[in-house]
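This report concerns only the one structure given below.
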Amino acid sequence: MKFCSATTAHYDQIIDMVSSPEELYLFYPKGRYPLDSAQLDELFRLRSNFTVAIANGEVVGFANLYHICPEESAFIGNVLVSQAWRGKGLGKRITEYMCEVCMNEYQATPRLSVFNYNTRALLMYTQLGFKPYAIEQREGVNLEPVALIHMQYER
């Protein structure tokens, strides 16, 4: 397993990891299903430090950073793990890697946001040392009210 900078050459494999409108919403709430190259272009324009996890020559994970305020905070976003790699610790590994980027490259406290019904992610982020600091109401994929929980890494 290695982590490297994502490029347009990885687009097709990133797109293939998103299998439903609900999954796209968790990954990229502003996205429209099905995910396509134009949407990834827009995401790449707005965010930075695009990272892919590569195993056996294939993209199996993805994440990036946004709202970077050096020496203050940076948000880890768009964390995505392929179906075949879920439950094997890759989400934890890619989140830890992105935390290192936040702290080492920007001297920033890692932050992230996760929806209330994404229980596996909430539990994983809590185990990694993230603590909630705010909750924001949003509309879910079916326009129902959901809570977006903002979390901050605390060593």
Side-chain angles (χ1 to χ4, degrees), residues 1-7 10-11 13-31 35 39-40 43-44 46-141 145-155:
M1 170 80 53
K2 70 175 183 171
F3 297 104
C4 62
S5 294
T7 69
H10 298 115
Y11 276 17
Q13 292 181 73
I14 294 167
I15 289 167
D16 287 346
M17 288 192 287
V18 180
S19 63
S20 69
E22 294 78 18
E23 192 168 64
L24 176 61
Y25 186 79
L26 290 174
F27 165 66
Y28 183 27
K30 293 180 181 176
L35 183 62
Q39 292 179 79
L40 284 179
L43 191 61
F44 271 60
L46 298 172
R47 297 193 173 195
S48 66
N49 296 85
F50 296 91
T51 303
V52 287
I54 307 285
N56 304 319
E58 293 190 27
V59 174
V60 295
F62 175 78
N64 59 48
L65 298 180
Y66 66 104
H67 293 318
I68 300 167
C69 297
E71 299 182 15
E72 290 181 30
S73 64
F75 278 80
I76 300 167
N78 303 118
V79 177
L80 180 63
V81 174
S82 71
Q83 287 282 347
W85 281 79
R86 290 182 189 166
K88 297 180 180 181
L90 178 56
K92 179 180 177 181
R93 288 178 65 195
I94 199 165
T95 302
E96 289 171 331
Y97 179 84
M98 298 308 286
C99 284
E100 290 174 18
V101 173
C102 290
M103 295 183 291
N104 296 334
E105 189 171 328
Y106 299 104
Q107 293 72 51
T109 300
R111 291 183 174 179
L112 52 79
S113 299
V114 61
F115 287 106
N116 62 294
Y117 59 90
N118 194 348
T119 305
R120 288 177 70 168
L122 275 167
L123 294 173
M124 178 191 69
Y125 295 141
T126 301
Q127 289 172 348
L128 289 173
F130 284 87
K131 304 285 186 217
Y133 68 89
I135 297 176
E136 176 183 346
Q137 183 173 330
R138 291 276 186 96
E139 282 187 351
V141 70
V146 297
L148 183 62
I149 302 168
H150 301 291
M151 303 179 84
Q152 179 170 294
Y153 181 69
E154 295 181 7
R155 298 176 205 213

Do M103 and Y153 pass the side chain to side chain contact (heavy atoms under 4.5 Å, CB included) test, and can you show the C-alpha distance, the side-chain angles, and the key distance before you say yes or no? CA-CA 10 Å; M103 295 183 291; Y153 181 69; 4.1 Å; yes
Dump the intermediate steps for side chain to side chain contact (heavy atoms under 4.5 Å, CB included) on V18 and Y28, then the final yes or no. CA-CA 10 Å; V18 180; Y28 183 27; over 6 Å; no
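- How far CD of Q83 is from CG of D16: 12.0 Å, rounded to the nearest 0.5 Å.
- Residues C4 and V52 are in side-chain contact: their nearest non-hydrogen atoms beyond the backbone lie under 4.5 Å apart.
- Closest approach of N49 to M98, counting heavy atoms only: O-CE, 3.5 Å.
- Distance check: S73 OG to Y133 OH gives 7.0 Å after rounding to the nearest 0.5 Å.
- Among all heavy-atom pairs drawn from L80 and I14, the shortest one is CD2-O, 4.0 Å.
- Put simply, CD on E58 and CD on Q13 are 6.0 Å apart, with the number rounded to the nearest 0.5 Å.
- In the displayed structure, K88 atom NZ is contacted under 6.0 Å by more than 12 heavy atoms of other residues, nucleotides or ligands.
- Closest heavy-atom contact between G61 and I94: C-CD1, 3.9 Å.
- Legend: residues meeting salt bridge (Lys or Arg N to Asp or Glu O under 4.0 Å) with R93, ordered by chain and number and at least two apart, are absent.
- With rounding to the nearest 0.5 angstrom, the NZ atom of K92 is 10.5 Å from the OG1 atom of T95.
- Scanning both residues, M1 and A55, for their nearest heavy atoms gives CE-CB, 4.1 Å.
- Rounding to the nearest 0.5 Å places CG of L26 at 11.5 Å from CG of N78.
- The side chain to side chain contact (heavy atoms under 4.5 Å, CB included) test with F27 singles out one residue from L35, V79, V81, and that residue is L35.
- Proximity of P29 to F115: side-chain heavy atoms (C-beta onward) are separated by under 4.5 Å at one or more points.
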Going through the distances and angles, do F3 and V101 end up as a side chain to side chain contact (heavy atoms under 4.5 Å, CB included)? CA-CA 11 Å; F3 297 104; V101 173; over 6 Å; no
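- For the residue pair I149 and P132, the shortest heavy atom distance occurs at CG2-CB, 3.9 Å.
- Contact check for M151 versus T126: side-chain heavy atoms found under the 4.5 Å cut-off.
- Contact of the S82 side chain with the V59 side chain is not registered, since no non-hydrogen atoms from C-beta on lie closer than 4.5 Å.
- Classification of the F130-Y125 ring pair by plane angle, with boundaries at 30° and 60°, yields perpendicular.
- A search for ring pair (Phe, Tyr, Trp, His ring centres under 6.0 Å) contacts involving Y66 returns F75, not counting sequence neighbours.
- Scanning both residues, I68 and P70, for their nearest heavy atoms gives O-CD, 3.7 Å.
- Of the inter-residue distances, the one linking I135 atom CD1 with L148 atom CG reads 9.5 Å to the nearest 0.5 angstrom.
- Between I54 and V60 the shortest side-chain heavy-atom distance does not fall below 4.5 Å.
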